[in-house]
Amino acid sequence: MNFIETRGNDGQHPQKVSFSQAILSPISSFGGIYSPESLPVLGESFLNKHLSSNYKTLARGVLVAFEIDIDPTTIDQALALYDEFDDPANPVPVVKVKDDLYVSELYHGPTRAFKDMALQPFGIVLSSIAQKRNENYLILAATSGDTGPAALETFKNRANVRVACMYPVGGTSDVQRLQMVTEDAENLKVIGVKGDFDDTQNALKRLLASESFNQKLKEKNISLSAANSVNFGRIIFQTIYHIHSYLELVRQNAISMGEKVYLNVPSGNFGNALGGYYAMKMGLPVEKILIASNNNNILTQFIKTGAYDLRTLAVIPTTSPAMDILKSSNIERILFDLFGEARTRELMKQLDSKKCYQLTDTELAQIQAIFAADYCNDDEGKAYIKKTFAKGYLMDPHTATCFKAYETCRDKPLKTIVYSTAEWTKFSPVIANALTGEMDTHDIDALKSIAQEAHIKIPAMINELFNKEICQKSIIEKDAIEDEILSFL
Ligand SMILES: *Cc1c(COP(=O)(O)O)cnc(C)c1O
């Protein structure tokens, strides 16, 4: 399968690229991104065939249908990483929480957040492409918490790839910071930056665009790449768990084959939702995809009104920080898929120059035929955590945002799959506060009190973090980032 450009071709870039090329350089003409030229049709025969498959076999089936230029051995090595999840036989448990609400738990990987679902196999794929081409890559990452640990974990000790990961000092939770600064590998560099997440992200963008920096890397025979959520190498692995979750509902006799369901996704950069959209287009029986936001509710406004309007907005910090996003990058692939390259280029140009675009009524109707959305503020989220815990299910604040959309967005009594994107251990102070009212500033206190409250154990990999040696000690001013990275290389 080939990949084409969301904003059309500028005559400088190739008209089409392979999957591996789209992974190595995700940005295309006019600042667009690569999207699949066509999607495989899976249909009911595929679903029936995989009803008795395990996760890896289903995943292999989906990847084969995409006809990507990655050899089967590499694919097998990549998928083998799901064996490292809590239960190798079922890396993504789907749990019944209410009669018509099932939670698909995407956080059972090494860093306890759903970024592992895609980044774990992606690391193997990228490293293998780099080795085959005899090239060396530097992955630059700026993180507010979940992407950083998952990117470090996947590229740790992988050949031909190095990672420099920047986080804002004081801007992540204790667990997230410890997951990064205790990573001990020659090819990893973690840099605490004095400033907020925007400062680190702006520094990253400057470096990616800097000719002198790129030139210095070239002298060291290194190319730059990014593992961010527009990379199709991540998206492809995010179609699989939607199909898996549907099949789980059939296996659990919650639905019969062919019956439609709602997918309900806590959204930030729209990677998770886009995976659901592609799965639906490939033939998964989905009624609608329910998009949950927090107080940064631009996606809700967009889906309700067709206006993507950044003009008066600034990011609001919330208790679901992985969704504190205003420029949701993967929306562009939806625009492209529904309205084509010329219209996408026009809309994205308006977003750049006027910080705003408005869909036509016809376009809005097309969006609303697939998506519905609502947002959930922090207090509502805490109330859902508390209420759901009282019924026996513990969830994190990102997952909780879905419960609002579940209540307000469905117009048919169909089963709903809520995607849980983080384990309780990742955002413990918020959860402890929701359950008992306590105001812990340190994760370790909150973790202990939740464990006691819920009669569960703190998972070993989280507990161990607090005793591990801190080996990544760099804490620097933001104007020193470039030198810090160059001296690492
Ligand atoms: C990244 C992330 C999200 C948002 O996912 P997108 O694919 O960017 O929409 C939601 N919850 C958690 C915990 C995350 O880490």
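Only a predicted model underlies this, so the values are computations on that prediction, with no experimental measurement involved. Sequence positions, counted from 1, serve as the residue numbers for this chain.
- Of the N and O atoms on the side chains of N330 and N269, not one donor lies less than 3.5 Å from an acceptor on the other residue.
- Partner of T319 under the side chain to side chain donor-acceptor pair (under 3.5 Å) criterion, chosen from D378, N377, D324: D378.
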- Message: Quick one, D374 with T408, criterion side chain to side chain donor-acceptor pair (under 3.5 Å). Give me CA distance, side-chain angles, the key distance, then yes/no.
- Response: CA-CA 7 Å; D374 202 354; T408 62; 2.7 Å; yes
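- Ring-centre distance between F232 and F3: below the 6.0 Å cut-off.
- Residues F114 and H398 keep their aromatic ring centres 6.0 Å or farther apart.
- Taking the six-membered ring for Trp and thresholds of 30 and 60 degrees, Y277 and F371 have nearly parallel ring planes, at less than 30 degrees apart.
- A donor-acceptor contact closer than 3.5 angstrom links the side chains of D100 and Y406.
- Nearest heavy atom pair, residue I291 against residue S267, reads CG2-OG, 3.6 Å.
- Cation-pi geometry between K404 and Y375 is met: under 6.0 angstrom from the ring centre, within 45 degrees of the axis.
- Aromatic ring centroids of F85 and H108 lie 6.0 Å or more apart.
- Y278 has its ring centre no less than 6.0 Å from the ring centre of H242.
- Ring planes of Y384 and F403: tilted class, angle from 30 to 60°.
- Side chain to side chain, D116 and Y82 fail the donor-acceptor criterion of an N or O pair below 3.5 Å.
- The neighbour count for D361 CG, taken as heavy atoms of other residues, nucleotides or ligands under 6.0 Å away, does not exceed 12.
- Taking both residues in full, the closest heavy atoms of P40 and M1 are given as CD-CE, 3.8 Å, listed atom of the first, atom of the second, then distance.
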